[in-house]
Amino acid sequence: MDDAQRVAAGYRPLSEADLPRYLAGLPGMADRLGGPPAGWTVREVGDGNLNLVFIVKGPAGGVAVKQALPYVRLVGESWPLPLSRAHYEQMALAEQARLVPGRTPAIRHYDERLALIVMELLEPHVIMRRGMIAGTRYPAFAAEIADFMARTLYFTSDLALTAAAKKDRVGAFAGNHALCKITEDLIFTDPYRVAANNRWTSPELDDIAAAFREDLDLHVAVSRLKLKFLSAAEAMLHGDLHTGSIMVTEAETRVIDPEFAFYGPMGFDIGAVIANLLLNYLSQPGHETEPGGRRAYQRWVLDTVGEVWSRFRDDFLALWRANPTGDAYPPDLFQGMAGAARLEEERQAFMDRLWRDTVGFAAAKMIRRILGLAHNLDLESIPDRRLKAAAETAALGMARTMMVETERFPSVDAILARAEAAGASVRA
Ligand code: SR1
Ligand code: MG
């Protein structure tokens, strides 16, 4: 069924007033919420760029309801977007739940006709981006996000799957190309050209935005990343793994919103996490209420970047050693002690290559949030314009080096050192 047919077949966006009657008609939902539907509270809380999100609560419990709109909410009806993204989102949620139980919200109901998913209400979790802007530490985060990425990326790759199974999975997500196109345009193209949707802190960043539009070294580097995004179906990605797609308590991490899921390059997801941590790190001086008041928090953020990568690397390698079930690297070709040693060397080389991809994709993610359409609250909510522009300038300088001179960052420590230098320039 294509999207026009979906709309024709009875799609309509629900309102707060519609929700109680709709939910009361779903099996088991009235018991889950408790009491009569008239007593349920409904709030539309969507603060993302694309969808409606409702929180519905009754005396016995609550649910979150996410409904796709047939257009980009951030821009309006002039930018149509397929409702089929809800189908890919629920498929990705189911796959992630199978691979990493308990790390995503449980699906209570999926309604294809309405492009709507009823999910477990995550309480008392908050959107991680908001918590980090407030300066809250999340001690469980690094280990849990590293485990999530290692398991979802490893077990959907050719290292774990047979070629037939992998190709079936790639095919199952191939129709999500409209969401991929958003990424292809907004991350890998628009920030480097004149585009109607671009915006930046002007006039402070006018010169750097113009320089990025003329910088052919940067254009080559981002085009190589774009080609990898277009062509490297390495594993099932979340596809939009920023800190707005993660809900946290100090004890637990949950990953939400995989509507951009498809089979792509692994470094894209890891780079998204690292980019958003780095942008938050650079934004912190702008959120201080006393000079230096966020220095200790900044240290935690950088330690977290280091821990995310090192734990991911260890987890992924451990999964590979324990589950060599895929068609890549046939065991027959690596027999005996010499074969085992050579395969282990190759695993290390694989991780080094993945790290380079991660650095490049992280850079692309940082640049798009400053020069492109969709910015992030870490920087946008800085009240002092001078500090905001200083943080953005530092982030752009760092990201350009990461993308064009990736070899200068052979380890995560090199990224942390560069971030510290960039952070010092924000305070200068
Ligand atoms: C038009 S959509 C803009 C952005 O919002 C989503 O969260 C993705 O990051 C997308 O690129
Ligand atoms: Mg989202």
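Start at 1 with the first residue, then count along the sequence. Ligands are counted one by one from 1 in listed order, and the atoms in each one are counted from 1 as well. Hydrogens, waters and symmetry mates are skipped; everything else that's a heavy atom, side chains included, is used. Because the structure is a prediction, the values reported are computed rather than measured.
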Trainee: Polar pairs, ligand 1 vs protein, N/O only, below 3.5 Å.
Mentor:
unit_1	atom_1	unit_2	atom_2	d
ligand 1	5 (O)	N49	ND2	2.7
ligand 1	7 (O)	D240	OD2	2.7
ligand 1	9 (O)	D240	OD1	2.8
ligand 1	9 (O)	D240	OD2	3.4
ligand 1	9 (O)	R368	NH1	3.4
ligand 1	9 (O)	R369	NH2	3.2
ligand 1	11 (O)	R368	NH2	2.6

Trainee: Whether the side chain of K166 engages the backbone of A233 through a donor-acceptor N/O pair (distance < 3.5 Å, no angle test) should be reported.
Mentor: yes
Trainee: Taking NZ, NE, NH1 and NH2 as the nitrogens, is one of them in R199 or E380 under 4.0 Å from a carboxylate oxygen of the other?
Mentor: yes
Trainee: Whether D378 and R369 form a salt bridge (side-chain N of Lys/Arg under 4.0 Å from carboxylate O of Asp/Glu) is what I want to check.
Mentor: no
Trainee: Taking E234 for the side chain and M266 for the main chain, is one N or O donor matched with an acceptor at less than 3.5 Å?
Mentor: yes
Trainee: Table please: side-chain donor-acceptor pairs of residues 141-155 below 3.5 Å, with sequence neighbours left out.
Mentor:
unit_1	atom_1	unit_2	atom_2	d
E144	OE1	R103	NH1	3.3
E144	OE1	T253	N	2.7
E144	OE1	T253	OG1	2.9
R151	NE	L99	O	2.9
T152	OG1	F148	O	2.8
T152	OG1	M149	O	3.4
Y154	OH	L159	O	3.2
Y154	OH	N323	O	2.6

Trainee: Charged N to carboxylate O under 4.0 angstrom, D357 versus R353?
Mentor: yes
